[in-house]
S.K.: 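Here it is: the structure, laid out below.
We use all heavy atoms of the structure for the numbers below, so side chains are in, but hydrogens, waters and symmetry mates are not.
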Amino acid sequence: MILTADRSGERADAALARLSGTLTRSAAQRLLEAGQVTSRGRVLKKNDRLEAGEPLEVELPAPQPLALTAEDIPLDIVYEDGDLIVLNKPKGLVVHPAAGHWSGTLVNALLHHCRDSLSGINGALRPGIVHRIDKDTSGLLVVAKNDFAHQSLAAQLQDHSLARVYVCLVTGGMRADSGTVDAPIGRHPTDRKRMAVVADGRSAVTHWQVLERFSGYTLLECRLETGRTHQIRVHMAHIGHPIVGDLVYGRKKPELGQDTQCLHARAITFRHPRSGETVTLTCPLPPYLEALLRRLRAKG
């Protein structure tokens with residue numbers, strides 16, 4: 001994989017994680033420490049400062065043997081072929097194993113369904129995972145079955161040609177019918193488990209449009225131009241319209257009977273890695289959100 005630095009003075013590990021679109025900072029550091037990242041023949045260290053335009057040649061490791069257990073967990077498959085699989089993830093399902101969730105995740109289910117046909121770029125704990133959605137967000141997620149597909153999809157994430165459309169229910173009435181939130185997102189200055197709009201954060205852009213209005217609430221369609229952690233949740237809270245049920249960024253008590261965010265990834269568009277054809281896939285709103293909308297409509 002060859003990347004090009006676009007910022008002068010940025011650390012090699014930070015640049016590699018950002019430019020790849022899929023590697024975490026720690027995964028980027030492991031590659032650098034293993035001597036698998038070079039620039040013009042020079043092996044880079046994680047704290048080396050880069051120059052804009054400097055090439056990064058990344059030697060990706062072979063897939064690691066997986067130590068995770070395959071579990072027969074039902075999957076809602078929207079599309080599948082030899083290169084990738086697109087799933088409609090239910091609310092409440094964790095995407096990949098981590099502390100506190102070493103089993104019962106989407107990855108465990110994928111290991112059962114795909115066997116050994118998953119890309120290894122993101123390591124043993126995240127085979128095939130190109131992008132993530134929160135545990136309590138439902139909707140479409142694309143998974144790579146091989147490294148060729150993974151690199152193509154990751155590049156599309158990086159250049160924003162992989163498009164994702166979300167639907168969410170927010171508190172309050174939006175004054176306009178559409179708008180854009182362009183506000184950088186980074187770690188919260190005092191609570192490292194949360195994200196926030198911060199001056200030195202990474203660029204984050206969310207386009208929104210009103211789908212339906214209710215008394216005290218608004219149903220929105222949100223299109224991501226970037227894909228930062230918790231982006232829609234943070235941006236909606238930032239403009240004073242937190243997502244219903246979001247106890248982290250919104251009201252601290254359940255609202256309308258919802259104790260997790262009403263956020264659903266409804267559509268995804270990407271260029272197929274092998275054929276080059278544009279693929280657009282959609283899925284319906286989950287039953288819990290449909291039921292909530294019927295209640296709001298009935299109230300008038």
Side-chain angles (χ1 to χ4, degrees), residues 1-61 96 98 119-123 125-126 129-134 144 147 150-164 180-207 223-235 237-239 249 270-271:
M1 178 168 61
I2 299 178
L3 304 170
T4 303
D6 58 358
R7 298 177 183 174
S8 293
E10 186 174 22
R11 280 174 53 120
D13 55 354
L16 180 56
R18 180 176 61 81
L19 293 169
S20 70
T22 59
L23 295 172
T24 62
R25 182 79 169 262
S26 57
Q29 290 176 346
R30 288 193 296 271
L31 287 173
L32 287 154
E33 289 167 355
Q36 293 174 287
V37 185
T38 60
S39 178
R40 302 187 178 105
R42 175 174 62 95
V43 176
L44 292 175
K45 298 179 181 179
K46 65 181 181 180
N47 58 352
D48 282 345
R49 300 289 175 173
L50 304 179
E51 298 178 359
E54 185 173 351
L56 304 179
E57 297 182 13
V58 186
E59 181 182 350
L60 295 170
H96 61 77
S119 75
I121 287 177
N122 263 343
L125 297 183
R126 303 180 187 182
I129 302 302
V130 178
H131 65 110
R132 293 170 286 172
I133 54 178
D134 296 340
D147 288 359
H150 196 134
Q151 291 180 35
S152 173
L153 293 167
Q156 293 177 56
L157 273 175
Q158 181 66 27
D159 66 17
H160 311 311
S161 58
L162 191 156
R164 290 160 289 167
T180 295
V181 184
D182 185 349
I185 291 177
R187 288 289 170 188
H188 192 282
T190 58
D191 185 350
R192 304 303 291 175
K193 293 182 179 180
R194 298 175 59 197
M195 308 302 289
V197 171
V198 291
D200 60 348
R202 298 172 68 185
S203 172
V205 180
T206 304
H207 306 286
R223 294 179 178 269
L224 292 179
E225 188 172 312
T226 54
R228 308 305 175 210
T229 302
H230 301 172
Q231 179 172 319
I232 296 175
R233 298 168 63 192
V234 172
H235 273 173
H238 178 66
I239 64 173
Y249 298 104
F270 56 89
R271 185 179 64 261

S.K.: Can you list the residues that meet the salt bridge (Lys or Arg N to Asp or Glu O under 4.0 Å) rule with Arg18, with sequence neighbours excluded?
M.R.: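 Listed in chain order: Asp6, Glu10.
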
S.K.: Arg49 vs Arg11, test: side-chain contact (heavy atoms from CB on, under 4.5 Å). Steps then yes/no.
M.R.: CA-CA 5 Å; Arg49 300 289 175 173; Arg11 280 174 53 120; 3.3 Å; yes

S.K.: With a 4.5 Å cut-off on side-chain heavy atoms, are Ile185 and Val198 touching?
M.R.: no

S.K.: Check whether Tyr249 reaches the backbone of His238 with its side chain - one donor and one acceptor, N or O, closer than 3.5 Å.
M.R.: no

S.K.: Measure the OG1-CG distance between Thr4 and Leu56 for me, rounded to the nearest 0.5 Å.
M.R.: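 Rounded to the nearest 0.5 Å, the OG1-CG separation comes out at 7.0 Å.
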
S.K.: Gln231 side chain to Val205 main-chain N or O, any donor-acceptor pair under 3.5 Å?
M.R.: yes

S.K.: Are His150 and Ile129 side-chain neighbours, meaning at least one heavy-atom pair lies under 4.5 Å?
M.R.: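 Heavy-atom side-chain distance check fails, nothing below 4.5 Å.
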
S.K.: For Glu225, is there any backbone N or O sitting under 3.5 Å from a side-chain donor or acceptor partner on His160?
M.R.: yes

S.K.: Is there a side-chain contact between Ser203 and Pro184 (heavy atoms, below 4.5 Å)?
M.R.: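 Contact flag for Ser203/Pro184 side chains = no.
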
S.K.: Is the shortest side-chain heavy-atom distance between Arg7 and Leu50 below 4.5 Å?
M.R.: no

S.K.: Are Asp182 and Thr180 close enough that a side-chain donor and a side-chain acceptor fall under 3.5 Å?
M.R.: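 Short answer, no.
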
S.K.: With the side chain counted from C-beta on, respond yes when Arg202 and Thr226 share a heavy-atom pair under 4.5 Å apart, and no when they do not.
M.R.: no

S.K.: In chain order, what residues pass the salt bridge (Lys or Arg N to Asp or Glu O under 4.0 Å) check against Glu33, with sequence neighbours excluded?
M.R.: Lys46

